[in-house]
Amino acid sequence: MNALALAFGAFLALPAAAQDRSQEAREASARGDTAAAISIMREHLAAHPDDAAAKKDLARYYIWTGAYIEADALLSPMADADAEAKSLLAYNAAWAGRIDRALALNADGLTRDAGDFQANYTQAIALRQTARAYTAWPHVETVERAKPGSRDATDLRTGTRQRTASEISLSWGLSDDSDDIRADRVGLSAAIDVAQDWRLLADWSTGSYRAPIGGGYQPVSGGTRIDEDQLWLGAAYTPAQDTVITAMAGRSRTDLESHTLGLLRIDQRVNDDWRFSLGADRDRLGISPRSVSLGLMRDRYLAQVRYTPDLHWTADALFSRQDISDGNARSEVQLAVRRAVLRSPRAWLDIGGEVQWLSYDEAPGTGYYAPDNYRRFALTASAYLPVNQDAGFSLRAGAGLQRDETFSGWESANDLGVDFTSRFADDWQVQISAGYSNRAQAAGVYDARSFGVRLRKQF
């Protein structure tokens, strides 16, 4: 009778045992199948909602896939009473770009043990996202001493080097549109660290603008083409952890004349929620062969603000004013907001919207589109589709409507773009970009296409 009771009890226990799938999830994670690990661990927690160890492991899987919102929701209720959960919450905040929160949460761990592996890993991830990214290196070295030769230590060094290394880039871009305005440019740029807070900048490019005779955009000097070369030299200085000041001077030359160029900009991260950029620059009005051949220059004043109140939302605002050498002036406002709706091992997706207003004082007919009251609004989507750890596709799309004072009604205004980025041989990266738009461009309201390639070497 006792044997029968024990057997019956074991039978009743089978469903509960079958539901305890935490070890199966951990084994899937060890195989590198993070998607399966997440799915299995979620099923396990549905049956065992009080399993704190499983919650922390699931949070780790979420962090590895960029699902920072989900990880935060799991860890935040546990952090006050569980030191490991608090450490993971700091780690999650660091990867999510919430630098202040990460440093604050991580402070206790570093104070208790200055050589702690996890605390130093988190500190390095957070600090390498600041303007003084080099301050992450002492923590990278502590991680390497704690676990020499480990994959974690190697990945941390590689990622930190990518944010602190000098670099040189070679680029080529091409654009054309339904008015047969065609522009292409080849460029070579460099950013060289010369001291902890100083980086020297150089940029050279050469390009051409083409338009057929009779369309109103051809060069005033005759023919269908005009060439332009530019050279910029300058420096970026980081006077504080969250501040970058950039200054550059340059020269633009065509066969007809040459002009001096200049740029001054400050980029400031105020806190986790706010950052802004203020700048002024002088450049050629490189819109069409006509605008270039007329030697038109523009002085631009720009303010950009980003607001990220939490892990869900990002809002951007841009305000600019341009004074053009033909006596005209341009004012523009752009506002955009987006929400993170998906973070998984297979895809990231943001959905949002944007509005734009653009106005010129007059329409002088000197080779560019100059509406008095241009308005546009659109629904937007952006996605990232990883191929592997070192490569992936970025997709962006916008569907909306546009109108200026000459339109009889609202007309479509759509965009589509794709970038493929791949890192190879540790220090090399290639980016291939393509785009299409049927909304207002610099010269008019028309279809436009673009294509570009950028090759970057870090050292």
Side-chain angles (χ1 to χ4, degrees), residues 175-183 209-220 226 259 277-305 315-337 352-380 398-417 435-450:
S175 64
D176 64 0
D177 57 58
S178 57
D179 281 339
D180 293 323
I181 299 175
R182 180 185 177 96
Y209 301 83
R210 297 179 176 88
I213 296 173
Y217 296 110
Q218 70 275 12
V220 296
I226 187 167
H259 288 286
S277 297
L278 300 174
D281 65 274
R282 178 174 177 79
D283 201 348
R284 187 180 292 276
L285 196 68
I287 293 177
S288 70
R290 184 175 181 84
S291 71
V292 174
S293 66
L294 286 169
L296 296 184
M297 301 294 294
R298 57 113 179 106
D299 295 323
R300 180 177 61 172
Y301 310 94
L302 182 72
Q304 293 175 285
V305 180
D316 292 294
L318 177 148
F319 310 91
S320 72
R321 169 79 176 182
Q322 294 184 22
D323 295 325
I324 305 171
S325 59
D326 61 2
N328 204 3
R330 179 184 191 270
S331 300
E332 181 179 13
V333 177
Q334 290 190 43
L335 304 173
V337 63
E354 59 185 37
V355 295
Q356 178 187 14
W357 172 79
L358 175 65
S359 177
Y360 284 79
D361 289 354
E362 55 186 277
T366 49
Y368 58 93
Y369 173 58
D372 175 61
N373 186 23
Y374 174 81
R375 293 143 288 162
R376 177 181 66 88
F377 65 88
L379 298 176
T380 61
L401 297 171
Q402 63 183 346
R403 186 173 188 175
D404 71 16
E405 66 278 3
T406 67
F407 290 16
S408 59
W410 290 93
E411 299 183 6
S412 64
N414 306 314
D415 300 281
L416 182 64
Y436 167 79
S437 176
N438 74 339
R439 62 179 174 90
Q441 308 297 318
V445 182
Y446 46 64
D447 293 346
R449 297 156 293 277
S450 62

**Asked** Any side-chain heavy-atom pair from L296 and T366 closer than 4.5 angstrom?
**Response** yes

### Message
Taking the basic N atoms (NZ, or NE/NH1/NH2) and the acidic carboxylate oxygens, is any pair closer than 4.0 Å for D415 and R439?
### Response
yes

Kindly say whether G216 contributes a backbone atom to a donor-acceptor pair with the side chain of Q218 at under 3.5 angstrom?
yes

Do W357 and S331 make a side-chain contact, defined as non-hydrogen atoms from C-beta onward lying under 4.5 Å apart? yes

Taking the side chain from D179 and the backbone from I181, do they hold a donor-acceptor pair closer than 3.5 Å?
no

- prompt: Between Y369 and Y374, what is the ring plane arrangement, given parallel below 30°, perpendicular above 60°, and tilted in between?
  reply: perpendicular

> Do D281 and R298 come close enough that some side-chain heavy atom pair is under 4.5 Å?
Replying inline: yes

Tightest non-hydrogen contact, residues N328 and D326, listed as N-OD1, 3.0 Å

- prompt: Is a donor on one side and an acceptor on the other found under 3.5 Å between the side chain of S277 and the backbone of Q304?
  reply: no

* **Within-4.5 Å side-chain heavy-atom neighbours: D177 and S437** => no

Shortest non-hydrogen pair, S291 vs L285, comes out as OG-O, 2.7 Å

Interatomic distance, CG@D323 vs OH@Y301, rounded to 0.5 Å, equals 5.5 Å

All heavy atoms of L302 vs all of S320, minimum pair found to be CD1-CB, 3.6 Å

Between Y360 and D372 the two heavy atoms that sit nearest each other are O-OD1, 3.8 Å

With side-chain hydrogen bond (donor to acceptor under 3.5 Å, both in side chains) as the test, would you mind laying out the steps for S359 and N373 before giving the verdict?
CA-CA 5 Å; S359 177; N373 186 23; over 6 Å; no

Under-4.0 Å salt bridge between D180 and R182: no

Between G353 and T380 the two heavy atoms that sit nearest each other are N-OG1, 3.4 Å

Rounded to the nearest 0.5 Å, the CZ atom of R376 sits from the OG atom of S412 at a distance of 12.0 Å

Between the CG atom in D361 and the CD1 atom in I324, the distance rounded to the nearest 0.5 Å is 9.0 Å

Note to self: Is it true that R290 and Y217 share a donor-acceptor pair across their side chains at a distance under 3.5 Å?
What the structure shows: no

Item to complete: Might you work through the salt bridge (charged side-chain N to carboxylate O under 4.0 Å, His left out) test for R321 and D299, ending with a clear yes or no?
Response: CA-CA 8 Å; R321 169 79 176 182; D299 295 323; over 6 Å; no

- Query: Would you find a donor on one side and an acceptor on the other, under 3.5 Å apart, between the side chain of S293 and the backbone of V220?
  - Reply: yes

Per side-chain contact (heavy atoms from CB on, under 4.5 Å), N414 is matched among D447, L401, N438 by N438

Do V292 and R284 come within less than 4.5 Å of each other through their side chains, counting heavy atoms only? yes

query: Just checking, is any N or O donor in the side chain of Q356 or E354 under 3.5 Å from an acceptor N or O on the other one?
result: no

task = Assess whether side-chain hydrogen bond (donor to acceptor under 3.5 Å, both in side chains) is satisfied between Y436 and R449, documenting all intermediate values.
result = CA-CA 5 Å; Y436 167 79; R449 297 156 293 277; over 6 Å; no

